Amino acid sequence: MLCPVCSNQVDAQSAFCNRCGTPMTASAAPEAAVPPSAGYTTVPPSASAYASAPPPAGAGYPPPPLVAGSGLSNNAASAIAYITIIPAIIFLVLEPYNRIPLVRFHAWQSIALTGAAIVLHIVLTICGLMLHFIPLIGLLLFPIHMLVSLAIFVAWLICILKASKGEWYKLPVIGEFAASQAGR
């Protein structure tokens, strides 16, 4: 089966074209994929015409830039680096990603944010254990621990959103370290 917009080969079970995202329904006519007001010429509905006709210029949105040899855009790879520390390490090791400064920066910042979160939680836990016997201070450490966790979570979310937009968002202290490691 061929996509009526971009002429990409699509599996018969697919609901959408994997290149341009056009819905692949049996009832959708090829003319319905491109609005008539766009000024495009209609493509004949035969399958051979789709195979030989190039996709109309400007049909749909252009796909985001892809990393050479992969299916991920630079922005997607940067955002995925924050999911856990494992993708960040993988992006620093794998060949097409470790050459892209944006992906390297966000991978290093993800690793540094994870390390800082672990160190902060260890320090707060040790302080909590040491001050556990003092009634008032021991009770105050729980809300402090929760606020620190919330701040780390908010910083993590901001980093994911900024990375998905392709921005070089630097966290205080950690961002400078990540930028130096990424070579920027």
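Here the structure is a predicted model, which is why all the values come from computation and not from measurement.
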>> Quick check on the hydrophobic clustering: are Met130 and Ile122 connected, directly or via other members, by side-chain heavy-atom contacts under 4.5 Å?
In response: yes
> Got a sec, which residues hit ring-ring contact (aromatic ring centres under 6.0 Å, His included) with Phe153, two or more places apart in sequence or on another chain?
Replying inline: Trp156
>> For Asn98 and Val103: C-alpha separation, side-chain torsions, deciding distance, then whether side chain to side chain contact (heavy atoms under 4.5 Å, CB included) applies.
In response: CA-CA 7 Å; Asn98 62 6; Val103 176; over 6 Å; no
>> Is there a path of hydrophobic side-chain contacts, each under 4.5 Å between heavy atoms of I/L/V/M/F/W/Y residues, joining Leu150 to Leu157?
In response: yes
> What are the two closest heavy atoms between Ala81 and Ala107, and how far apart are they?
Replying inline: CB-CA, 3.9 Å
> Are Leu94 and Ile83 connected, step by step, through hydrophobic side chains (Ile, Leu, Val, Met, Phe, Trp, Tyr) whose heavy atoms are closer than 4.5 Å?
Replying inline: yes
> Taking it one step at a time, do Arg104 and Phe91 satisfy side chain to side chain contact (heavy atoms under 4.5 Å, CB included)?
Replying inline: CA-CA 7 Å; Arg104 287 179 51 83; Phe91 289 146; over 6 Å; no
> Are Cys159 and Leu171 close enough, and set up right, to give a side chain to side chain contact (heavy atoms under 4.5 Å, CB included), and what steps lead you there?
Replying inline: CA-CA 8 Å; Cys159 287; Leu171 291 171; 3.6 Å; yes
> Heavy-atom count around Met146 CE within 6.0 Å, excluding the residue itself: above 12?
Replying inline: yes
> Would you find more than 12 non-hydrogen atoms of other residues, nucleotides or ligands less than 6.0 Å from Ile86 atom CD1?
Replying inline: no
> Going by the angle between their ring planes, with limits at 30° and 60°, are Phe177 and Trp108 parallel, tilted or perpendicular?
Replying inline: perpendicular
> Taking only residues two or more places apart in sequence or in another chain, which ones pass side-chain contact (heavy atoms from CB on, under 4.5 Å) with Leu120?
Replying inline: Val148, Ile152
> Rounded to the nearest 0.5 Å, what separation is found between the CG atom of Leu129 and the CG atom of Leu124?
Replying inline: 11.0 Å
>> Can you confirm whether Leu141 sits close enough to Cys127 that some side-chain heavy atom of one is under 4.5 Å from a side-chain heavy atom of the other?
In response: yes
> Same cluster or not: are Tyr169 and Val173 linked, directly or through other Ile, Leu, Val, Met, Phe, Trp or Tyr residues, by side-chain heavy atoms under 4.5 angstrom apart?
Replying inline: no
>> Do His121 and Ser149 make a side-chain contact, defined as non-hydrogen atoms from C-beta onward lying under 4.5 Å apart?
In response: yes
> Are the side chains of Leu92 and Ile111 in touch, meaning some heavy atoms are under 4.5 Å apart?
Replying inline: yes
> Who pairs with Glu167 by side-chain hydrogen bond (donor to acceptor under 3.5 Å, both in side chains), at least two apart in sequence or on another chain?
Replying inline: Lys162
> What residue pairs, at least two apart or across chains, pass salt bridge (charged side-chain N to carboxylate O under 4.0 Å, His left out) with a residue in residues 85-95?
Replying inline: Glu95-Arg99
> Could you give all pairs that pass the side-chain hydrogen bond (donor to acceptor under 3.5 Å, both in side chains) test and reach residues 81-94, with sequence neighbours left out?
Replying inline: Tyr82-His106, Tyr82-Gln109
>> I need the Ile174 CD1 to Leu113 CG distance, nearest 0.5 Å.
In response: 5.0 Å
> Who pairs with Ala76 by side-chain contact (heavy atoms from CB on, under 4.5 Å), at least two apart in sequence or on another chain?
Replying inline: Leu72, Ser73
> Could you walk me through whether Asn75 and Lys165 pass the side chain to side chain contact (heavy atoms under 4.5 Å, CB included) check?
Replying inline: CA-CA 6 Å; Asn75 298 352; Lys165 293 178 183 178; 5.9 Å; no
> Just how far is it from atom CZ of Phe105 to atom OG of Ser110, taken to the nearest 0.5 Å?
Replying inline: 11.0 Å
